[in-house]
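Worksheet for the structure shown next.
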Amino acid sequence: MASAAYHRIKEWMKTHAPEVLEQLRAPATNEDIATAEQALGFALPESLKSLLRENDGSDDECGFFGSLQFVPTDFLQGAREDVMMWVGYDRKYSAESPDLFPEVYPELASDEWLAIGHQGYADQLALHARTERVFTAEKDIPALKLVAPSLEAYLEAYALDLANGLYSLEEGFGGMYLERND
């Protein structure tokens, strides 16, 4: 069962962003999840499996996590390649300046990275499959920035931001997405 925060996000979208909600896919099957895990070479965290069993991501023109698509099982491997590019950059720069990336060190040597939110190669919401910590991955140094200690904590913060009016529905990127009102 998906988290209470995920359900609050979807409830908010019913009223404020039905176009985004309509782009969520049907639930992933156990076979979909097993196929994704086989392609990735590691197990998906239970927290992500729970969300995927509720909705197998969203269509690619949908900005579910802000402007980022909720990555479906059939695209996890492709989106992971983009995250691994940023992991590679941070590995290179951390070897040159070890003090630059202390918040990412527990995960940086590992290849168990996923993109759960995706928009082209440049912007991802990354999840480390073993530690379940959530990062943004984008064009910057460091490329990976810790945003939540767990997927559940990320969803809780996102649900709260939506409820507090920090996002509005916008059109662009080929579809509808949620823009943060900072």
Side-chain angles (χ1 to χ4, degrees), residues 1-13 16-17 20-21 24 28 33 36 40 42-58 62-73 75-76 79-80 82-87 89-91 94 100-168 177-182:
M1 166 120 184
S3 73
Y6 183 71
H7 289 281
R8 287 196 315 278
I9 291 165
K10 288 172 59 175
E11 281 299 314
W12 182 90
M13 288 182 181
H16 303 281
V20 171
L21 190 62
L24 288 174
I33 291 170
L40 292 163
F42 55 85
L44 298 177
E46 288 303 319
S47 59
L48 180 58
K49 288 181 189 181
S50 177
L51 295 183
L52 292 167
R53 286 183 182 117
E54 181 96 8
N55 297 104
D56 189 4
S58 63
C62 171
F64 181 81
F65 295 117
S67 62
L68 306 177
Q69 171 196 19
F70 176 12
V71 178
T73 55
F75 188 55
L76 282 171
R80 179 182 174 275
D82 294 331
V83 168
M84 291 308 295
M85 176 182 67
W86 301 121
V87 170
Y89 285 134
D90 279 2
R91 285 176 179 165
S94 70
L100 284 179
F101 308 103
E103 68 184 20
V104 185
Y105 279 138
E107 293 91 354
L108 203 52
S110 167
D111 287 340
E112 295 177 69
W113 288 90
L114 298 160
I116 59 171
H118 187 270
Q119 181 191 64
Y121 79 93
D123 296 306
Q124 286 89 33
L125 184 63
L127 175 70
H128 190 270
R130 190 172 17 88
T131 66
E132 297 193 44
R133 295 197 317 161
V134 180
F135 299 80
T136 56
E138 53 195 31
K139 295 184 266 185
D140 207 353
I141 297 175
L144 299 164
K145 293 183 182 71
L146 181 66
V147 294
S150 68
L151 181 55
E152 183 58 29
Y154 176 81
L155 294 171
E156 284 289 342
Y158 187 47
L160 185 60
D161 286 350
L162 291 171
N164 287 331
L166 297 181
Y167 284 86
S168 59
Y177 70 97
L178 296 169
E179 176 74 31
R180 186 166 172 96
N181 304 321
D182 285 333

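Of all heavy-atom pairs between Leu178 and Ala17, the closest is CD2-CB, 3.8 Å. Taking both residues in full, the closest heavy atoms of Gly57 and Leu52 are given as N-CD2, 4.0 Å, listed atom of the first, atom of the second, then distance. Of all heavy-atom pairs between Gly165 and Asn181, the closest is O-ND2, 3.4 Å. Between Tyr177 and Ser67, the closest heavy-atom pair is CD1-CB, 3.7 Å. Gly63 and Val20 make their closest contact through O-CG1, 3.7 Å (heavy atoms, listed as atom of the first residue, atom of the second, distance). Nearest heavy atom pair, residue Gln69 against residue Pro72, reads NE2-CD, 3.4 Å.
Judged by distance alone, with hydrogens and angles left aside, the side-chain atoms of Thr73 form no donor-acceptor pair with the main-chain N or O of Ile33 at under 3.5 Å. For Asp90 (side chain) and Ala143 (main-chain N/O), a donor-acceptor pair under 3.5 Å exists by modelled atom type.
Side-chain contact between Phe64 and Met13: present, with at least one pair of heavy atoms (C-beta onward) separated by less than 4.5 Å. By the 4.5 Å heavy-atom criterion applied to side chains, Arg180 and Asp161 are counted as neighbours. Annotation: side chain of Val71 is not in contact with side chain of Leu114 (no heavy-atom distance under 4.5 Å). You'll find the side chain of Leu51 stays beyond 4.5 Å of the side chain of Asn55, heavy atoms only. Here the side chains of Gln124 and Arg80 are not in contact, with every heavy-atom distance at 4.5 Å or above. Taking 4.5 Å as the limit, every side-chain heavy atom of Val87 sits out of range of all side-chain heavy atoms of Glu107. In this structure, the side chains of Phe42 and Asp111 stay at 4.5 Å or more apart for every pair of heavy atoms.
Here the CG-CH2 distance, from Asp140 to Trp86, works out to 9.0 Å after rounding to the nearest 0.5 Å. With rounding to the nearest 0.5 Å, the separation of CG in Leu21 from CH2 in Trp12 is 10.5 Å. A distance of 5.0 Å separates CD1 of Ile9 from CG of Leu155, quoted to the nearest 0.5 Å. In this structure, CD in Glu54 is found 9.0 Å from CG in Leu24, a value given to the nearest 0.5 Å. How far CD1 of Ile116 is from CG of Leu68: 9.5 Å, rounded to the nearest 0.5 Å. For the atom pair Thr131 OG1 and Arg133 CZ, the distance stands at 5.5 Å (nearest 0.5 Å).
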Can you check side-chain contact (heavy atoms from CB on, under 4.5 Å) on Met84 and Arg91, steps first, answer last?
CA-CA 10 Å; Met84 291 308 295; Arg91 285 176 179 165; 4.1 Å; yes
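Contacts classified as side-chain hydrogen bond (donor to acceptor under 3.5 Å, both in side chains) and involving residues 150-160 (residues at least two apart or in different chains) are given here: Ser3-Glu152, Arg8-Glu156.
Ring orientation note: the planes of His128 and Trp113 are nearly perpendicular, at an angle over 60° on the 30°/60° scale.
Residues passing the salt bridge (Lys or Arg N to Asp or Glu O under 4.0 Å) test with Asp82, sequence neighbours excluded: none. Partners of Phe75 by ring-ring contact (aromatic ring centres under 6.0 Å, His included), not counting sequence neighbours, listed by chain and number: His118.
Partner of Phe135 under the side chain to side chain contact (heavy atoms under 4.5 Å, CB included) criterion, out of Leu125, Leu127, Leu146: Leu146 alone.
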